[in-house]
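Worksheet: one structure, shown below.
Both backbone and side-chain heavy atoms feed into the values below; hydrogens, waters and symmetry mates do not.
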Amino acid sequence: MKKILLTVLLATTCMVVKTSAQTTTSTGEITPKNSWLKAGLTVGLPVGDASNVSSFTAGIELRGQVMSTNHWGFGLASGYDHFFPKSGFSSFGEIPLGVMIRYYPEAKGFFAGIDGGYTFLTNFGNTSGGAYIKPQIGYHDYNWNFYALYNHVFVDGSAVQNVGIGATYNLRFK
């Protein structure tokens, strides 16, 4: 399953990058109008096996995004999610490093996206991490993004999963 997921993610990323390269501005420059950082916070609830040991999650997100067209953005995603423990268990965290793809039908309103890559797990037994996928759907305007998310980390035949909400602020380059 991991290999199939990673192959699909890689193929999708390659198609978006190829399409982006063909449709960028005539100069191909990165400007404050087509690129920015997204910094924000998330909160959520563990699901699946993670809900047996953790009661809720909170995290920070940092993304670099380039708009390849008026509707498609892509970039890099990272951050930190902390899983707060239930009584008798230890807390743990995850540090994702991945790519992001976003579709914005309009300049303001609905958006859909997905992040995928590798997540490093902290204080999680003998496992260092695994592949992850994080679909999102939400609302955006010039400065803000508000969204719902599902995060799935594939870990040695099991999974670390959570659902949540998040908000990011667009920090534009000057």
Revision key, fill the gap. Heavy atoms of Ile95 and Gly79 approach each other most closely as CG2-O, 3.5 Å
Practice item. State plainly whether one hydrophobic cluster holds both Met100 and Leu149, where clusters connect Ile, Leu, Val, Met, Phe, Trp and Tyr through side-chain heavy atoms under 4.5 angstrom apart. Key: no
**Study point:** Minimum side-chain heavy-atom gap Arg172-Asn143 below 4.5 Å
**Key:** yes
Exercise for review: Would you please test Arg102 and Arg63 for side chain to side chain contact (heavy atoms under 4.5 Å, CB included) and show each step?
Suggested key: CA-CA 12 Å; Arg102 297 283 180 280; Arg63 294 185 170 90; 3.1 Å; yes
Check your understanding: With hydrophobic residues grouped by side-chain heavy-atom distances under 4.5 Å, do Leu37 and Ile60 end up in a single group?
Key -> no
Check your understanding: Is the shortest heavy-atom distance from the side chain of Ile133 to the side chain of Phe154 under 4.5 Å?
Key -> yes
Point to revise | Min side-chain heavy-atom separation Tyr142-Lys108 under 4.5 Å | key: no
Check your understanding: Parallel, tilted or perpendicular for His82 and Phe84, by the 30°/60° rule?
Key -> perpendicular
Point to revise | Any Glu61 side-chain heavy atom under 4.5 Å of Lys134 side chain | key: yes
Check your understanding: Hey, what do you get for CG (Asn170) to NE2 (His140), rounding to the nearest 0.5 Å?
Key -> 9.5 Å
Revision key, fill the gap. Shortest non-hydrogen pair, Ala39 vs Leu62, comes out as CB-CD1, 4.2 Å
**Study point:** Side-chain donor/acceptor of Ser51 to backbone N/O of Gly48, under 3.5 Å
**Key:** yes
Review point. Step by step, would you call Val43 with Thr57 a side chain to side chain contact (heavy atoms under 4.5 Å, CB included)?
Key: CA-CA 6 Å; Val43 293; Thr57 67; 5.8 Å; no
Review point. Where is the tightest heavy-atom contact between Pro85 and Ser90, given as atom of each residue plus distance?
Key: CB-C, 3.6 Å
Point to revise | Distance-minimising heavy-atom pair for Val66 and Ser35 | key: CG2-CB, 4.0 Å
Check your understanding: Is Val99 close to Leu76 at the side-chain level, that is, under 4.5 Å between some pair of heavy atoms?
Key -> yes
Point to revise | From Phe89, Phe83, Phe92, residue fulfilling ring-ring contact (aromatic ring centres under 6.0 Å, His included) relative to Phe124 | key: Phe92
Exercise for review: Specify whether Phe120 and Tyr118 have parallel, tilted or perpendicular ring planes, treating 30° as the upper limit for parallel and 60° as the lower limit for perpendicular.
Suggested key: perpendicular
Revision key, fill the gap. What one should report as the nearest heavy-atom pair of Asp115 and Ala77 is OD2-CB, 3.7 Å
Check your understanding: Where is the tightest heavy-atom contact between Gly130 and Val153, given as atom of each residue plus distance?
Key -> O-CG1, 3.9 Å
Check your understanding: Once you round to the nearest 0.5 Å, how far does CD1 of Ile137 lie from OH of Tyr150?
Key -> 16.0 Å
Review point. Would one find more than 12 heavy atoms of other residues, nucleotides or ligands at under 6.0 Å from atom CD1 of Ile165?
Key: no
Review point. So if you build clusters from Ile, Leu, Val, Met, Phe, Trp, Tyr with side-chain heavy-atom gaps below 4.5 Å, do Phe56 and Tyr80 land together?
Key: no
Practice item. To the nearest 0.5 angstrom, please state how far the CD atom of Glu106 sits from the CG atom of Asn70. Key: 10.5 Å
Check your understanding: Is the Trp72 ring parallel, tilted or perpendicular to the Tyr103 ring (thresholds 30°, 60°)?
Key -> tilted
Review point. With no hydrogens and no angle check, is any side-chain donor or acceptor of Asn123 less than 3.5 Å from a backbone partner on Ser91?
Key: yes
Exercise for review: Establish whether Leu171 and Trp144 are linked, either directly or via other cluster members, by ILVMFWY side-chain heavy-atom contacts under 4.5 Å.
Suggested key: yes
Point to revise | Verdict with reasoning, Tyr147 to Thr42, per side chain to side chain contact (heavy atoms under 4.5 Å, CB included) | key: CA-CA 9 Å; Tyr147 53 92; Thr42 62; 3.7 Å; yes
Review point. How about Asp49 and Ser158: does a side-chain donor come under 3.5 Å of a side-chain acceptor?
Key: no
Review point. Would Tyr104 end up clustered with Trp36 when hydrophobic side chains under 4.5 Å apart are linked, directly or stepwise?
Key: yes
**Study point:** Full working for side chain to side chain donor-acceptor pair (under 3.5 Å) between Asn151 and Glu94
**Key:** CA-CA 11 Å; Asn151 186 39; Glu94 54 184 36; 2.5 Å; yes
